S.K.: 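Below you will find the structure I want to go over with you.
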Amino acid sequence: MKSGYTPKDIEKKWQDAWEEQGIYHAQDNAKAERFYGLIEFPYPSGEGLHVGHPRSYTALDIMTRKKRMEGKNVMYPIGWDAFGLPTENFAIKHKIKPQDATKQNVANFTRQIKSLGLGFDWSREINTTDPKYYKWTQWMFLKFYGSWYDAEKKTARPIEELPIPKNIESQGDAAVATYRDSKRMAYKATTTINWCPNDKIGLANEEAQGGICERCGGKVEKREKAQWMIRITAYAERLINDLNDVDYLDRIKAQQINWIGRSEGAEILFMLSVPGQPDGRHGVKVFTTRPDTIFGVTFLVVSPETAKSWLDTGWNAPDNVKEYVQSALMRTDMERMTEGKTKTGVFTEVTATNPANQEKIPVWVSDYVLGNYGTGSIMGVPAQDERDRAFAETFYLPISEAANDEMAIDALEEAGQGKRATTYKLRDWVFSRQRYWGEPIPMIICESCGIIPVHESELPVMLPDVDAYEPTDTGESPLAAIDEWVNVTCPSCGGEAKRETDTMPNWAGSSWYFMRYCDPKNDDAFADPKKLKYWMPVDLYNGGMEHTTLHLLYSRFWYKFLWDLGLVPEECGSEPYAKRRSHALILGEGGVKMSKSKGNVVNPDDIVGEYGADVFRVYEMFIGPFDQDAPWDTNGIEGVRRFLEKVWRLFDVAPASDATLTEEVETLLHQTIKKVGDDIETMNFNTAVSTMMILTNALTDLGAEHISQEVRTDLLKILAPFAPHMTEELWSALGQSGSIHKAEWPSFDESKLQASTFTLVVQVNGKVRDRFDVSSDISEEEATKQALASEKVQASLDGKAPAKIVYVKGRLVSIST
RNA sequence: GCACAGGUGGCGGAACUGGCAUACGCACCAGGCUUAGAACCUGGCGCCCGCAAGGGCUUGUGGGUUCAACUCCCACCCUGUGCACCA
């Protein structure tokens, strides 16, 4: 028979037993309805597991355990998102290879995660740095390269199907190739990139917000570099519209929509007069969301980028304009930010004609107009727009209060000087990293043939196993220095050629991992379509709010692309995740963020060592609402430990042969089964735990010997997803066969949710004056009669006659005078 | 500035569809057990007045609707998060 509650003695035992029996293995060919629960696979850092990780893992563990007990075929997989900068830096610092650092860190994370008793299907474990995995990441890159986006049909298509305009075709093969390259979903472009001099790496716009490197917090510089880009902007509209078809938290949807930033407006063409050139030869298009304000336009402003392109095509601008453009383009975002919103700019000596009223207006260049948004030029309407007003006031430009004209856009469209247009803030995805520890981009650059993709049969392009992989100051990838890897023969002409030395960002591997789980060992395809058809889309995906605008957007895009090409079965639908929820942070004691420097980091190993995994799990669920930040509280863990020990003690005494429940406790039991079940579905884990505490307190008061076997098993079953080890132990001590985690989830009896009596509350003029127990089927008349008969009620009525009496069934009588 | 979330005891928080505000847990106080401590058990615990019985007040602020408001409506204040010169 069992003794005191000592987690150490039971947890490891059951973890081994579950693994041996494979009770958490998902079946690919099951007849049963599937449930695919997904957590964001962790980045195995050198820091080890944070107490924040298990908050999400335990939550979905509870949900998937319940689904399993309800007879669903559950997949709850785990893997490693292991490419990336922190590991590379960790390896450099410790003078080891990133491969070895990853191996170490994965082993440590595995040990930590396994100690929590989570029901992951380890047989599906994946790792993005495994060549068998990244082979397919590279393969998908080749698909991007080999595709274009058909904006009319709103789908990606093979590049071979791209229609070539007649005038291009007539210019010969080279022109056709250039045209194709300009339409590919993956393309190379020289752009100004965000360069972090500290990490020696190019960053995506998303990673360099506010001119600050997301990784190290240092200032970001600008550099010109040829980069691989992925045309995510082609999917901007679908990425917004398809949010209607999925169940995401509203704030997640809002953030994605905000990030993509759709603006409806118009592009309007202004003709220019350039000094020294005949009129009518040049024009500039502006983007505006307010074409109706065109009569209030008093100037135009072009971005430094637009001005630069004019200069490049022979514009003989005044020297001060050239100087302004040059210095504006050199400035980093950081410098622009610190200058605040003070407007700078110069007059270009170019004038424009307002197409609506033929007025001549000056054209200025200023860096408050962004080169990469809209058309890169704007019309200044100082009476309507705050920024234009500030600019006008700074440079003493006129402000016109002309009336708006709703019909202006129609007139402009008719005159061919404007058209309705939609713009997005979303930019194409900078896909190159000048780093070692990432998937090599499978391309070969030949001086005579240009860019040639590595043939699919040659994949994976393996990362060379070398000792020196430190980043360079030149901005080139460390791979460039490895001659025996870089130098290859051109697959097209057989001449000398070099490999592309950029690697992919670590968002690449994480953009499709949820599909690999469906078929993790397949060497012939990234996943068998039949298995994808069974498992996709993911039923529930939980992760952090910090991934709402990056990972979530990238992976939705990536999936849609594969779906467009028919590589994901059509039946799976165009969205990868049916439902998305987010957990919040666990803060340090006192409500500040946990950090090494503050010394308030809680290590899960310590908690599991001291209290056991079950206490740790239940505590993390009880800590507060799942979607709200909560501070760690050591005293709170003690409370949970007491709760589990209380449950344990209920099983110290065997039920008496005549164990019967009072009606009160029986009602409570059924209410608890219902509420715990509902709360798990709605992710209100904190109230699920408190409900079970209430039941446990009531059963304790009743006395263990009065608790029947049925009640005991029901309590254990609803607690099992939360505290899997101790419930399994008690289950086997009760003499039950099989695992409790394969047992059937208990049902409640609708008729037993309501007790035969309830406490009737009597209010007089809105204040509670009396309460007493009455039968549940009491009539309105009887309830009212008894209420009025109450001495306390009579006392508060003080002789006044009731003017109105309201009866609420099962609750109260409200009397007003 | 825009978007989103939130504001309830000493603390974390609960409250169905408008129906007993403060469940559950923590901390604290008193008592029991103990040589002692830990653990455990019992009781108390929103605020104010009162020895008590009892009374009054209370969900960020101010108003409104209602027999009845943490919940609905209007105006405002504060905190947090994300985006931000996006035309």
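What you are looking at is a predicted structure, and each value in this text was computed from that prediction instead of being measured. Chain identifiers are assigned alphabetically (A, B, ...) following the order of the sequence lines, protein sequences preceding nucleic acid strands; residue numbering begins at 1 within each chain.
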S.K.: Tell me whether the side-chain N/O atoms of Ser263(A) come closer than 4.0 Å to OP1 or OP2 in A87(B).
M.R.: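 Result: yes.
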S.K.: If only side-chain N and O atoms of Lys285(A) are considered, is one of them under 4.0 Å from the OP1 or OP2 phosphate oxygen of A87(B)?
M.R.: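 For A87(B), neither OP1 nor OP2 has a side-chain N or O of Lys285(A) closer than 4.0 Å.
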S.K.: More than 12 non-hydrogen atoms from neighbouring residues, nucleotides or ligands closer than 6.0 Å to CD on Glu664(A), yes or no?
M.R.: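 No, CD of Glu664(A) has 12 or fewer neighbouring heavy atoms, counting only those of other groups under 6.0 Å.
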S.K.: When you measure from the centre of the six-membered ring of Phe391(A), is the NZ or CZ of Lys343(A) closer than 6.0 Å and no more than 45° off the axis?
M.R.: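 Cation-pi check for Lys343(A) and Phe391(A): fails.
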S.K.: From CG of Asn258(A) over to P of U81(B), roughly how many Å is that when rounded to an integer?
M.R.: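 After rounding, the reported distance stands at 17 Å.
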S.K.: For the pair made of CG in Leu585(A) and P in G6(B), what is the distance, rounded to whole Å?
M.R.: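 That distance rounds to 16 Å.
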S.K.: Counting only side-chain nitrogens and oxygens, does Arg642(A) get under 4.0 Å of the OP1 or OP2 atom of G25(B)?
M.R.: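 The answer is no; no side-chain N or O of Arg642(A) sits under 4.0 Å from OP1 or OP2.
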S.K.: Asn697(A) side chain: which of C20(B), G25(B), G19(B) is closest?
M.R.: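 Closest of the options to the side chain of Asn697(A): G25(B).
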S.K.: What distance, rounded to whole Å, do you find between the two C1' atoms, one in C26(B) and one in U35(B)?
M.R.: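 Their C1' atoms lie roughly 31 Å apart.
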S.K.: Only pairs with both distances under 3.5 Å count, Watson-Crick or wobble alike; so what is the partner of A38(B) in this structure?
M.R.: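 Paired with no nucleotide.
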S.K.: Only pairs with both distances under 3.5 Å count, Watson-Crick or wobble alike; so what is the partner of A69(B) in this structure?
M.R.: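 None - no nucleotide pairs with A69(B), as no candidate has both distances under 3.5 Å.
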S.K.: Taking the side chain of Asp385(A) as its heavy atoms from C-beta onward, which of A87(B), G19(B), C26(B) lies nearest to it?
M.R.: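 The answer is A87(B), which lies nearest to the side chain.
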S.K.: Which value, in whole Å, describes the distance between the C1' atoms of nucleotides G46(B) and G9(B)?
M.R.: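 My reading of the C1' atoms in G46(B) and G9(B) gives 5 Å.
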S.K.: Take atom C1' in G25(B) and the same atom in G31(B), then report the distance between them in whole Å.
M.R.: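 Looking at atom C1' only, G25(B) and G31(B) are 22 Å apart.
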S.K.: Taking the minimum atom-to-atom distance to the side chain of Gln255(A), which one of G82(B), C26(B), G19(B) wins?
M.R.: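 The listed nucleotide nearest to Gln255(A)'s side chain is G82(B).
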S.K.: Mind calculating the distance between NZ (Lys809(A)) and P (C16(B)) to the nearest angstrom?
M.R.: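 One finds 20 Å between P of C16(B) and NZ of Lys809(A), rounded.
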S.K.: Across all strands shown, which nucleotide pairs with A23(B) by Watson-Crick or G-U wobble geometry, both distances under 3.5 Å?
M.R.: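 No nucleotide pairs with A23(B).
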S.K.: Any Lys/Arg nitrogen of Glu781(A) or Lys785(A) sitting under 4.0 Å from an Asp/Glu carboxylate oxygen of the other?
M.R.: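 So Glu781(A) does not pair with Lys785(A) through a salt bridge.
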S.K.: Tell me the interatomic distance from Asn635(A), atom CG, to C24(B), atom P, rounded to whole angstroms.
M.R.: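 After rounding, the gap between these two atoms is 19 Å.
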S.K.: Using whole Å, what does the distance between atom C1' of nucleotide G82(B) and atom NZ of Lys253(A) come to?
M.R.: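 Distance, rounded to whole Å: 18 Å.
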S.K.: Which part of the nucleic acid, if any, lies within contact of Asp629(A), taking any heavy atom under 4.0 Å across all strands shown: a base, the sugar-phosphate backbone alone, or nothing?
M.R.: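 Since only primed, P, OP1 and OP2 atoms lie under 4.0 Å of Asp629(A), the category is sugar-phosphate.
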S.K.: RNA chain B: Ile623(A) or Lys675(A), which has the more 5' nearest nucleotide?
M.R.: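 Closest to the 5' end, via its nearest nucleotide, is Ile623(A).
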S.K.: Check whether any side-chain N or O of Tyr368(A) sits under 4.0 Å from OP1 or OP2 of A87(B), and answer yes or no.
M.R.: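 For A87(B), OP1/OP2 do not have a side-chain N/O of Tyr368(A) under 4.0 Å.
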S.K.: Rounded off to whole Å, could you give me the CZ-to-P distance for the Phe643(A) and G13(B) pair?
M.R.: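 Between P of G13(B) and CZ of Phe643(A): 20 Å.
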S.K.: So if I take every side-chain heavy atom of Arg771(A) and compare against C57(B), C40(B), C20(B), which nucleotide ends up nearest?
M.R.: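 Of C57(B), C40(B), C20(B), C20(B) is nearest to the side chain of Arg771(A).
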S.K.: Kindly indicate whether the side chain of Ser814(A) and the base of C67(B) share any N or O donor-acceptor pair separated by less than 3.5 Å?
M.R.: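 Indeed, a donor on one side and an acceptor on the other fall under 3.5 Å apart.
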S.K.: Taking all atoms of both residues into account, what is the closest heavy-atom pair of Leu650(A) and Ala704(A), and its distance?
M.R.: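 Distance-wise, the nearest heavy atoms are O-CB, 3.5 Å.
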S.K.: Measure from the side-chain heavy atoms of Pro625(A) and tell me the nearest of A21(B), G13(B), C57(B).
M.R.: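 When the side chain of Pro625(A) is considered, G13(B) is the closest of A21(B), G13(B), C57(B).
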S.K.: Hey, does the side chain of Asn686(A) come within less than 4.0 Å of A14(B)'s phosphate (OP1/OP2), counting only N and O?
M.R.: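 So the side chain of Asn686(A) is within the cut-off, an N or O lying under 4.0 Å from OP1 or OP2 of A14(B).
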S.K.: So which nucleotide does C4(B) pair with, by the Watson-Crick or G-U wobble rule with both distances under 3.5 Å?
M.R.: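 Across all strands, the one nucleotide that pairs with C4(B) is G80(B).
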S.K.: Taking the same atom, P, in A14(B) and in U22(B), what whole-Å distance lies between them?
M.R.: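 Per the computed distance, 15 Å lies between those P atoms.
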S.K.: Mind checking the P distance from A38(B) to C28(B)? Whole angstroms is fine.
M.R.: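 Approximately 11 Å lies between the P atom of A38(B) and that of C28(B).
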S.K.: Rounded to whole angstroms, how far apart are CZ on Arg251(A) and C1' on G80(B)?
M.R.: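 The distance from CZ of Arg251(A) to C1' of G80(B) comes to 11 Å, rounded to the nearest Å.
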S.K.: Roughly how many Å apart are A3(B) and U8(B), using the P atom of each and rounding to a whole number?
M.R.: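 It works out to 25 Å between them.
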S.K.: Of all heavy-atom pairs between Phe347(A) and Pro362(A), which one has the smallest distance, and what is that distance?
M.R.: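 Heavy atoms of Phe347(A) and Pro362(A) come nearest at CE1-CB, 3.3 Å.
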S.K.: Looking only at heavy atoms, what is the nearest atom pair of Gly380(A) and Asp388(A), with distance?
M.R.: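 Residues Gly380(A) and Asp388(A), closest heavy atoms: CA-OD2, 3.6 Å.
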S.K.: Starting from the 5' end of RNA chain B, give me the residue, Ile694(A) or Gly374(A), whose nearest nucleotide shows up first.
M.R.: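 Closest to the 5' end, via its nearest nucleotide, is Ile694(A).
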S.K.: Provide the distance between the two P atoms, one in C70(B) and one in C33(B), to the nearest whole Å.
M.R.: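 Result for the P pair: 45 Å, nearest Å.
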S.K.: Only one of Ile240(A), Thr548(A), Leu239(A) clears side-chain contact (heavy atoms from CB on, under 4.5 Å) with Gln256(A); which?
M.R.: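 Looking at Ile240(A), Thr548(A), Leu239(A), the match for Gln256(A) under the side-chain contact (heavy atoms from CB on, under 4.5 Å) is Thr548(A).
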S.K.: When all nucleic acid strands are considered with a 4.0 Å heavy-atom cut-off, which category describes Ser690(A): base, sugar-phosphate, or nothing?
M.R.: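 Base: the residue Ser690(A), judged by heavy atoms under 4.0 Å, touches a nucleobase.
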S.K.: Output the single nucleotide from G25(B), A87(B), C67(B) whose closest atom is nearest the side chain of Lys804(A).
M.R.: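 The closest nucleotide is C67(B).
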S.K.: Taking the chi torsion of G9(B), is it syn (within 90° of 0) or anti (everything else)?
M.R.: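 Because its glycosidic torsion lies within 90° of 0, G9(B) adopts the syn conformation.
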S.K.: Between G60(B) and C24(B), how far is it from one C1' atom to the other, in whole Å?
M.R.: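 It works out to 25 Å between them.
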S.K.: Between atom CZ in Phe287(A) and atom C1' in A87(B), what is the gap in whole Å?
M.R.: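 After rounding, the gap between these two atoms is 8 Å.
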S.K.: Provide the Watson-Crick or G-U wobble partner of C47(B), both distances under 3.5 Å; none if there is no partner.
M.R.: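 Paired with G56(B).
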S.K.: Please say which of Glu264(A), Glu237(A), Arg262(A) ends up in a side chain to side chain donor-acceptor pair (under 3.5 Å) with Thr422(A).
M.R.: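 One option only clears the test, and that one is Glu264(A).
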S.K.: Determine the contact category for Asp250(A): base if any of its heavy atoms lies under 4.0 Å from a base atom, sugar-phosphate if only primed atoms, P, OP1 or OP2 are that close, otherwise nothing.
M.R.: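 The residue Asp250(A) makes no contact with any strand.
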S.K.: Which nucleotide sits closest to the side chain of Pro631(A): A87(B), G12(B), G82(B)?
M.R.: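 Nearest to the side-chain atoms of Pro631(A), counting from C-beta on, is G12(B).
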S.K.: Do Arg769(A) and C20(B) have a side chain to base donor-acceptor pair shorter than 3.5 Å?
M.R.: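 A donor-acceptor contact between them is absent.
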S.K.: Which heavy atom of Ser303(A) sits nearest to which heavy atom of Gly371(A), and what is that distance?
M.R.: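 Scanning both residues completely, I find the closest heavy atoms to be OG-CA, 3.4 Å.
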S.K.: Assign Gln763(A) to base, sugar-phosphate, or nothing according to its heavy-atom contacts below 4.0 angstrom with the strands shown.
M.R.: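 It contacts base atoms.
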